[in-house]
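Below you'll find the structure, written out as structure tokens, and then a few comments.
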Amino acid sequence: MSTNEPIEISAASVDEAIKQALEQLGAQEDDVVIEVLATPRSGVLGLGARQARVRVTRRAVATSGVQSPPPASPPERRERPPQQARPEPQAAEPADSEESEENSQPERKPADLEQLTTEASAVLGQILELMGEKAEVVRSDGDPDSVELEIKGDGSGILIGRHGQTLDALEYLVNRIVARRIRDAAPVVLETESYRARRRQQLHRMALSMGERAKRDHRSVTLDPMPPRDRRVIHLALKDDPMLTTRSSGDGFLRSIEIVPAGGGGSPRRERGGEGRGRKRERQNRQEAVGEQGGFKHGQKRIV
Amino acid sequence: MKELVQFLAQQLVNNPDAVEVKETQGDTASVIELRVAKEDLGRVIGKQGRTAKSIRTILNAVASRTNRKVVLEIIEEK
């Protein structure tokens, strides 16, 4: 499961960088080799400031034999950036029957999905019960190649939350827990009261109208940052329009889509497109936008 | 609520027996203290605190039914 690939982390302090690295590797300090690449410097007015940087390498044979997890809970799966290559199976890890399949398994067998459905429903059912919700969990029919579980509750919207945050939280935790039990589990999607479907429709409509605006104004339109699932809907909504292209930029939860009309647009303009995802962030965006155009009066062309 | 945190934490950690949850009820809010084995701290916090945030979100959804607030504190032992 674990690799010996070193990872490099920057943070405000050396301790913080080490802590983050350990968390990312899910390792203990004793299991790794830590090299400090740079010590932090505060600099003056942001000039000459430098973050701490460490390189952390897992020792070849971790102590996983000693602290081998209970059978019911295999070691946590670690999310890695895709470019970081698949983790190689580690010899010291307790042999796992699926180990050999892992490399030669681009496709999932229906049986896996059935097991996944069973496990995920059980976990979700227990959470809902402990939440005091009277709800039933069923697998939505539809795509046989993925697992979508529908929560049939009392329709109060409490399981959706503001901007779907409760549903997202449930989904995240269910996936986290299931991933500990099933190796390489496909993501499970949770749905309730057609929230996800409604959201998709709403995003689709917004994509089309923002696309129209980009074409009409001959300038690109940048939407608010959105999670991958939402961005996907936008990309798909506009992919067949020869007059528009879409591209994403930014990192993590700040990643946002820019809709660009054919022939390139003018400087991107911030639009209150998608749902506001946190006021602080919006303000940040606005500041960035202002910074970009800094010094130019409205309507004035910017010479690059 | 306490049981919910207990369940979630135990499902997420490598040492479920080390999970300890304490709940203190106030007038309008409750404080839930969660303790886990040192090596599991990262597992209940998650990358960028995402797991902890998700647990808090769910707790507050439950609490909102009775117009209450919940504070989840993850306690790090010295």
Side-chain angles (χ1 to χ4, degrees), chain A residues 19-31 63-64 67-70 72-80 119 122-124 126-133 153-154 156-181 252-253, chain B residues 1-23 25 30 32-34 36-72 74-78:
Chain A
K19 210 177 98 199
Q20 283 182 19
L22 291 177
E23 196 176 298
Q24 226 180 73
L25 290 172
Q28 305 257 3
E29 208 162 333
D30 301 340
D31 302 338
T63 49
S64 66
Q67 34 169 273
S68 83
S73 43
E76 192 177 12
R77 280 188 52 196
R78 285 174 247 306
E79 295 164 56
R80 286 166 196 281
E119 291 270 2
V123 171
L124 179 59
Q126 261 170 302
I127 296 175
L128 291 169
E129 200 187 313
L130 288 165
M131 287 175 75
E133 293 293 318
D154 62 2
S156 65
I158 237 158
L159 293 174
I160 299 175
R162 220 173 89 236
H163 304 322
Q165 62 175 4
T166 307
L167 192 60
D168 287 344
L170 279 170
E171 184 177 283
Y172 177 74
L173 287 173
V174 167
N175 277 297
R176 217 77 246 271
I177 291 169
V178 168
R180 290 174 57 83
R181 301 187 184 176
F253 54 78
Chain B
M1 211 89 96
K2 191 180 151 187
E3 291 74 22
L4 178 59
V5 175
Q6 177 110 21
F7 172 77
L8 289 172
Q10 287 184 331
Q11 295 295 318
L12 290 163
V13 299
N14 284 349
N15 307 286
D17 293 342
V19 172
E20 260 181 69
V21 186
K22 217 167 76 189
E23 183 170 6
Q25 304 252 8
S30 318
I32 296 179
E33 292 181 347
L34 171 63
V36 298
K38 199 163 180 236
E39 68 147 331
D40 287 327
L41 211 54
R43 297 194 173 87
V44 291
I45 296 173
K47 215 161 65 178
Q48 311 276 338
R50 203 169 161 194
T51 308
K53 194 177 161 198
S54 295
I55 298 176
R56 294 191 172 112
T57 302
I58 290 175
L59 287 176
N60 279 308
V62 177
S64 71
R65 276 217 192 269
T66 49
N67 286 321
R68 290 176 63 85
K69 294 264 181 225
V70 194
V71 177
L72 174 67
I74 297 169
I75 313 268
E76 188 175 4
E77 306 285 358
K78 297 278 135 45

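Convention: sequence-line order gives letters A, B, ...; per-chain numbering from 1.
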Rounded at 0.5 Å granularity, tell me how far [atom1] in [X] sits from [atom2] in [Y].
X: B:Leu8; Y: A:Gln126; atom1: CG; atom2: CD; answer: 10.0 Å
X: A:Asp168; Y: B:Lys53; atom1: CG; atom2: NZ; answer: 9.5 Å
X: A:Leu159; Y: B:Ile58; atom1: CG; atom2: CD1; answer: 9.0 Å

Taking atom CD of A:Glu129 as the centre, does the number of heavy atoms from other residues, nucleotides or ligands within less than 6.0 Å exceed 12?
-> no
Would the number of heavy atoms belonging to other residues, nucleotides or ligands and lying under 6.0 Å from CD of B:Gln48 be above 12?
-> no
Is there a side-chain contact (heavy atoms from CB on, under 4.5 Å) between B:Ser54 and A:Arg176 once you walk through the steps?
-> CA-CA 11 Å; B:Ser54 295; A:Arg176 217 77 246 271; over 6 Å; no
Pairing residues for B:Val21 by the side-chain contact (heavy atoms from CB on, under 4.5 Å) criterion, not counting sequence neighbours = B:Lys2, B:Val5, B:Gln6, B:Val19, B:Ile32, B:Leu34
Provide the closest heavy-atom pair for A:Gln165 versus B:Thr57 in the form atom of the first, atom of the second, distance.
-> O-CG2, 3.7 Å
Where A:Val123 and B:Phe7 come nearest, the two heavy atoms and their spacing = O-CE2, 4.2 Å
Worked check of side-chain contact (heavy atoms from CB on, under 4.5 Å) between A:Leu173 and B:Leu12 = CA-CA 9 Å; A:Leu173 287 173; B:Leu12 290 163; 4.2 Å; yes
Can you say whether A:Glu133 sits under 4.5 Å from chain B via the side chain, the backbone, both, or neither, judging by heavy atoms?
-> side chain
With only heavy atoms counted, which part of B:Leu59 is less than 4.5 Å from chain A, the side chain, the backbone, both or neither?
-> neither
Quick one: what part of B:Arg56 sits under 4.5 Å from any heavy atom of chain A, side chain, backbone, both or neither?
-> neither
Answer yes or no: is there a side-chain heavy-atom contact under 4.5 Å between B:Gln11 and A:Arg181?
-> yes
